Amino acid sequence: MKIQALAAINKQEALTDFTYETISLSEYECVVKVHTCGICHSDIHMIDNDWRTSKYPLVPGHEVVGIIEEVGSLVSHLQVGDRVGIGWQSGACFECKDCLRGNENLCSKNKSTIVARHGGFGSHLQVDSRFCFKIPEELESAVASPLLCAGITVYAALRYAGMSSGHNIGIIGIGGLGHLAVQFAAKMGNRVTVFTTSPDKEEFALANGASEVIVGSPKGKTKHKLNIILNTTHNDLDWPRFLSQLDSDGTLTFVGVPPSTLSTVHIGMLLAKRLRIMASPIGGRAMINEMLEIAAKHKIAPVIEKFPSSRANEAISKVRANQVRYRAVLEF
Ligand SMILES: [Zn+2]
Ligand SMILES: [Zn+2]
């Protein structure tokens, strides 16, 4: 079968039409007819070879939603016609301690949907069915797409930092990741404080469920000591100031990676109130299913800008310039 895709032929190039053939399906693989695919900053890092793992031609796309068209001989949990989503990860060993604990995302043999293989910017995607997740009926495909990377990233980070309900949660940044984090935290019954540098985003933060918005760095105290603070930005911030907003046993967790080391944090600062600093990458398969169910149940939805696939390069330029409010989704 021929797949009509969009690929960067060389590093940092605009995407062009690119056709490739599927290879014969292995027993757990399936072919998905792509309906929508989000554009994530990681796609751009891969196009640019920022992580030195890119192989060209490179077909980006790891927030895929589509319909299963073909299944391998041992696929029993999915059928032709099922609507599924695929995120950043699409392979693991299934045998190591991490995999057996349901942390496939931590598996040393994990495979990415777009590293050394072609991703979802195309008519179809050939992929391991064990990393295809049924999309609940309530979620429109374009809305579900960003949940598969941005959504699971913030959801898993909050859960592993201890979020259930009744907590006071701080979210730093209210962009593509942050506005989803606010929704998950608020709709699961937590009080949310948003830290933002943009005064014009205050209203948006409140509309997404925040009950307090602090513009600029947190000079005074938040109304309530926070149990968890999630950083979704990629900036060097005044971390000791944020740590001082945490309640005892509180956690500062990172999904956004600041450029510098945390050299301003003295361990004594953590010790006095038994604080933790952690970071979290995507989520395992069980948590992806849980996240999708919660998003459907609580009507959690990213704010998206849709583009036909013919305008993919324009959409990528907007993502590069941080001009998309708040996640870009291509329709194929
Ligand atoms: Zn991503
Ligand atoms: Zn493993």
Side-chain angles (χ1 to χ4, degrees), residues 6 8 15 28 34 36-51 53-54 58-65 85-121 125 127-128 130-133 142-157 173 175-181 184 230-234 254-257 279-288 291-292 295 302-305 307 312 315-316 318-320 322 324 326-330:
L6 293 169
L15 305 187
Y28 286 110
V34 178
T36 57
C37 191
I39 303 176
C40 177
H41 281 278
S42 304
D43 291 310
I44 292 172
H45 288 301
M46 287 300 293
I47 293 171
D48 294 350
N49 196 22
D50 288 337
W51 299 327
T53 52
S54 305
L58 184 137
V59 179
H62 61 275
E63 291 182 341
V64 187
V65 175
I86 300 102
W88 173 261
Q89 187 177 7
S90 54
C93 79
F94 301 108
E95 290 171 350
C96 72
K97 264 190 188 171
D98 285 320
C99 284
L100 294 175
R101 287 173 178 150
N103 292 321
E104 298 87 0
N105 55 320
L106 307 183
C107 174
S108 309
K109 293 184 179 157
N110 76 80
K111 291 195 182 89
S112 158
T113 306
I114 60 168
V115 177
R117 44 173 300 131
H118 296 317
F121 285 10
L125 179 68
V127 68
D128 190 324
R130 294 168 293 186
F131 282 90
C132 294
F133 306 95
V143 159
S145 269
L147 293 176
L148 292 152
C149 184
I152 186 58
T153 296
V154 295
Y155 179 76
L177 292 167
H179 85 294
L180 280 170
F184 277 112
L230 170 67
N231 171 53
T232 69
T233 73
H234 298 271
F254 288 80
V255 292
V257 181
S280 175
I282 51 171
R285 296 185 298 165
M287 196 154 275
I288 292 176
M291 177 276 302
L292 288 169
V303 175
I304 55 171
E305 221 178 297
F307 298 85
I316 287 173
K318 281 192 87 173
V319 175
R320 276 185 191 280
N322 274 327
V324 173
Y326 281 84
R327 297 293 287 194
V329 178
L330 298 178

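Numbering of ligands and ligand atoms starts at 1, following listing order. Source: prediction; values computed, not measured.
Electrostatic pairing of Glu104 and Arg130 does not count as a salt bridge here, judged by no charged N lying under 4.0 Å from a carboxylate O.
Classified by interplanar angle (parallel below 30°, tilted 30° to 60°, perpendicular above 60°), the ring pair Phe184/Tyr155 is tilted.
Inclusion of His41 in the first shell of the Zn ion (ligand 1) is not supported: no N, O or S atom falls under 2.8 Å.
At the Zn ion (ligand 1), the angle from SG in Cys149 to NE2 in His62 is 110° when rounded to 10°. Geometry at the Zn ion (ligand 2): SG/Cys96 and SG/Cys93 form an angle of 110°, nearest 10 degrees. Rounded to 10°, the angle formed at the Zn ion (ligand 2) by SG of Cys107 and SG of Cys99 is 100°.
Taking the centre and axis of the six-membered ring of Phe131, the NZ or CZ atom of Arg285 falls inside the cone set by 45° and 6.0 Å.
With a 6.0 Å radius and a threshold of 12 heavy atoms from other residues, nucleotides or ligands, Lys111 has its NZ atom at or below the threshold.
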